[in-house]
Amino acid sequence: MVGGLDAGAVPFNPDGWGPLDSGTTTADNNNNLPLNVPFAPFSRSEKLGRIADWTRNFNNAVRSKNPSDSVFDFSNDDSFPASADDDSSFRLVDGKPPPKPRFGPKWRFQQQRQLPQRRDEEVEAKRREAEKERARRDRQYHQNRSNANQTRREAAVFKSSVDIQPEWNMLDQIPFSAFSKLSFSVPEPPEDLLLCGALEFYDRSYDRVAPKNERRLERFKNRNFFKVTTTDDPVIRRLANEDKATVFATDAILSTLMCAPRSVYSWDIVVQRVGNKLFFDKRDGSQLDFLSVHETSQEPLPEAKDDINSAYSLGVEAAFINQNFSQQVLIREGDKVTFDEPNPFANEGEEVASVAYRYRRWKLDDDMYLVARCEVQSVVEVNKQRSFLTLNALNEFDPKYSGLDWRRKLETQRGAVLATELKNNANKLAKWTSQALLAGADMMKLGYVSRVHPRDHFNHVILSVVGYKPREFAAQINLNTSNMWGIVKSIVDLCMKLNEGKYVLVKDPTKPQVRIYEVPPDAFENDYVEEPLPEDEQVQPPSEEANGGEENAVEEKVEEKKVDAQA
């Protein structure tokens, strides 16, 4: 009796802790224990047993970080076999993150031990490929960076081809999506209005050129090439005064309009409305005088203008290659095919390149005709019939950008090389095809020209020359002639609704659309002249009263621009 509370009889166990065994339990003790209830856990999750065992000595410090907790550990006690089995099957999940490689990007499949090391070696090898690897990392950086307010790297390349002045009035903008739905059928011209110039025959030995027997690209410094705009052409002036047509242009300008939905770089075309006549012109030294390289490629070119692989440098290099290629594949000092009139832009005694100008006329409407000056570079005789040829060259500047080495792939995988060029230069190839169709050429020759060394942009070699029929090649590259003429007809109809004056069509540098601006009459007159003319030789723009008659208006408008015909 303690403080009025009967604690009852407490049995004494001389062998240790806990209740006495059933064999040594006295009758009095049995009265205090529950009947028919074994001393065991009711479930495996209930760890019922001894409170503590101070008689055991644990020397293994690894099992528990706190040695004082070892007296409460019964995981290895034979008294609890079910609990021991349960504990042995229990495993902790490793929650630590996998080790990251010290260098390089985050690789997949990091559980493989040797892959990170191998990929680090690949990264180091790619770093030695300086230009391509640097461009790839820059592109990925600009695509993944979170600050969207800053201009992207690629946007700096696509600058407007002409500076838009504040006083210019934008009249309309046409998205390229509207061009894809247009269609207009134009019959082929029955005959040429005029044929000028002289042509040399094509050297068929270049059809057998292969990378194993490549030929060095020559330079033709003494031959003159002309890139004369529409209103500076004396033949077009004469045809305009004779009312031969309502719309006048060149094949380079028409092909730019026809293939506008495929263009990425900015370009511009000057439109002059004089009376009821329409003239499509180009600015001297404009984007149309050069050839784009890798325009539709996903791999960005270097931004630095002085870099040999920048868009500007490659455009100049491509124009240089095309001019020399078109003269090298000819039979020089042989028979020539001369036409009704000589080259209208060459001076007497001047050596000119092999070119013929075909002035052709298409019927756009009952009272609307279009006259265009088209060019062919060579002629070949097949079955005693002469066939006109156009000559153009694709240029390889660095195999790392295209992913295909022409010297190894042209003989075995020529189709793959052409498919890659169609992907990277879709607009340029479409323009060449449309020019061949406009000129009525029977064959278009494509040359594959590569640099002698990727860092040498002055010396080149011809690796192969392949011929295609323009209509078959147009179907191969999905170029629809009805859609091409539909684009030209829609732009002509839009410009014919404008008042008399000067306008400019500009391809937006960042969006797939074309904008038309109204510009002053003296715009683009002297921006290409290296030295200004004296005041007494400068031609003033005509006044509004000068439009007494339609022929006089055309002649006065053309005479505003007295420029040298040689490009």
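When all heavy atoms of Leu257 and Ile491 are compared, the closest pair comes out as CD2-CD1, 3.7 Å. Closest of all the heavy-atom pairs between Ile269 and Asp281 is CG2-O, 3.3 Å. In terms of heavy-atom proximity, Ala346 sits nearest to Val352 at CB-CG1, 3.2 Å. In terms of heavy-atom proximity, Pro470 sits nearest to Leu437 at CB-CD2, 3.7 Å. Residues Asn395 and Trp406 approach most closely at C-CH2, 3.7 Å, considering heavy atoms. Nearest heavy-atom pair across Lys489 and Leu364 is CE-O, 3.3 Å.
Taking the side chain to side chain donor-acceptor pair (under 3.5 Å) definition, one finds that Ser205 meets it with Asp203, sequence neighbours left out. The salt bridge (charged side-chain N to carboxylate O under 4.0 Å, His left out) search around Glu381 returns none, not counting sequence neighbours. Every side chain to side chain donor-acceptor pair (under 3.5 Å) that Ser292 has, sequence neighbours left out, goes to Glu295. The side chain to side chain donor-acceptor pair (under 3.5 Å) test applied to Ser160 returns no partner, not counting sequence neighbours. Residues passing the ring-ring contact (aromatic ring centres under 6.0 Å, His included) test with Tyr357 are Phe345, sequence neighbours excluded. Shown here are the salt bridge (charged side-chain N to carboxylate O under 4.0 Å, His left out) partners of Lys511, two or more places apart in sequence or in another chain: there are none. Residues satisfying the side chain to side chain donor-acceptor pair (under 3.5 Å) test with Asn483, not counting sequence neighbours, are none.
Remark: Lys469 does not engage Asp442 in a salt bridge, criterion side-chain N to carboxylate O under 4.0 Å. Between Arg223 and Glu200, at least one side-chain N (NZ, or NE/NH1/NH2) sits under 4.0 Å from a carboxylate O, which counts as a salt bridge. Asp207 has no carboxylate O lying under 4.0 Å from a charged side-chain N of Arg204, or vice versa, which leaves the two without a salt bridge. Contact check on Asp289 versus Lys282 returns a salt bridge, with a Lys/Arg side-chain nitrogen under 4.0 Å from an Asp/Glu carboxylate oxygen. A salt bridge is absent between Asp405 and Lys409: the closest approach of a Lys/Arg side-chain nitrogen to an acidic carboxylate oxygen does not fall below 4.0 angstrom.
When atom types are taken as modelled, the side chain of Ser266 and the backbone of Lys507 share a donor-acceptor pair closer than 3.5 angstrom. For the pair Ser161 (side chain) and Gln287 (backbone), a donor-acceptor distance under 3.5 Å is absent. A donor-acceptor pair is defined here as one N or O able to donate and one able to accept, closer than 3.5 Å; no such pair exists between the side chain of Asp233 and the backbone of Thr230. No donor-acceptor distance shorter than 3.5 angstrom exists from the side chain of Ser255 to the backbone of Gln435, with no hydrogens or angles considered. In terms of modelled atom types and a separation under 3.5 Å, the side chain of Arg358 and the main chain of Ala439 share a donor-acceptor contact. With hydrogens and angles ignored, the 3.5 Å screen pairs no side-chain donor or acceptor of Gln513 with any backbone N or O of Phe176. The closest donor-acceptor contact from the side chain of Asn424 to the backbone of His294 lies at 3.5 Å or more, if one exists at all. The backbone N or O of Pro234 lies less than 3.5 Å from no partner atom in the side chain of Arg238, so there is not a single donor-acceptor pair. A donor-acceptor pair under 3.5 Å is formed between the side chain of Arg273 and the backbone N or O of Leu498.
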For this session: Decide side-chain contact (heavy atoms from CB on, under 4.5 Å) for Phe524 and Val162; before the verdict, give the C-alpha distance in whole Å, the side-chain angles of both, and the deciding distance to 0.1 Å.
Result: CA-CA 10 Å; Phe524 316 121; Val162 61; 3.6 Å; yes

Exercise. Please walk me through it: do Met484 and Leu479 pass side-chain contact (heavy atoms from CB on, under 4.5 Å)?
Worked result: CA-CA 8 Å; Met484 292 160 45; Leu479 188 64; 3.5 Å; yes

Exercise. Run the side-chain contact (heavy atoms from CB on, under 4.5 Å) check on Ser354 and Ser326 step by step: do they pass?
Worked result: CA-CA 8 Å; Ser354 172; Ser326 65; over 6 Å; no

For this session: Please assess Tyr202 against Val379 for the test side-chain contact (heavy atoms from CB on, under 4.5 Å), listing each intermediate value before the final yes or no.
Result: CA-CA 6 Å; Tyr202 173 73; Val379 65; over 6 Å; no

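Looking only at side-chain heavy atoms (C-beta outward), Thr481 and Met258 stay at 4.5 Å or farther from each other. Under the 4.5 Å side-chain criterion, counting only non-hydrogen atoms from C-beta, Phe280 is not in contact with Val270. Annotation: side chain of Lys212 is not in contact with side chain of Glu214 (no heavy-atom distance under 4.5 Å). You'll find the side chain of Leu391 reaches within 4.5 Å of the side chain of Val329, heavy atoms only. By the 4.5 Å heavy-atom criterion applied to side chains, Thr256 and Lys431 are counted as neighbours. For the pair Met170/Ile516, no side-chain contact is recorded, criterion being any heavy-atom separation below 4.5 Å from C-beta on. In this structure, Val247 and Lys277 have side chains that are not in contact, with every pair of non-hydrogen atoms separated by 4.5 Å or more. Using a 4.5 Å heavy-atom cutoff, the side chains of Ile477 and Thr433 are in contact.
Sorted by first and then second residue, the salt bridge (Lys or Arg N to Asp or Glu O under 4.0 Å) pairs with a member in residues 255-268 read Asp268-Arg283; sequence neighbours excluded. The salt bridge (Lys or Arg N to Asp or Glu O under 4.0 Å) analysis of residues 246-259, with sequence neighbours excluded, yields no pairs. Contacts classified as salt bridge (Lys or Arg N to Asp or Glu O under 4.0 Å) and involving residues 470-482 (residues at least two apart or in different chains) are given here: Glu188-Arg471.
When each of Lys244, Arg373, Arg361, Arg360 is checked for a salt bridge (Lys or Arg N to Asp or Glu O under 4.0 Å) with Asp192, only Arg360 meets the rule.
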Do any side-chain atoms of residues 315-322 form donor-acceptor pairs under 3.5 angstrom with protein atoms, and if so which ones, sequence neighbours left out?
| residue | atom | partner | partner atom | Å |
| --- | --- | --- | --- | --- |
| Glu317 | OE1 | Arg451 | NH2 | 2.8 |
| Glu317 | OE2 | Arg451 | NE | 3.1 |
| Glu317 | OE2 | His460 | NE2 | 2.7 |
| Asn322 | OD1 | Ala393 | N | 3.1 |
| Asn322 | ND2 | Ala318 | O | 2.9 |
| Asn322 | ND2 | Ala393 | O | 3.2 |

With a 3.5 Å cut-off and sequence neighbours excluded, list the donor-acceptor pairs that the side chains of residues 411-423 form with protein atoms.
| residue | atom | partner | partner atom | Å |
| --- | --- | --- | --- | --- |
| Thr420 | OG1 | Ala416 | O | 2.9 |
| Glu421 | OE1 | Asn425 | ND2 | 2.9 |

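Checked by atom type, the side-chain pair Glu350/Asn224 shows a donor-acceptor distance below 3.5 Å.
Using cut-offs of 30° and 60° for the angle between ring planes, the Trp485 and Trp362 rings count as tilted. A tilted orientation is assigned to the rings of Tyr468 and Phe473, their planes being inclined by 30° to 60°.
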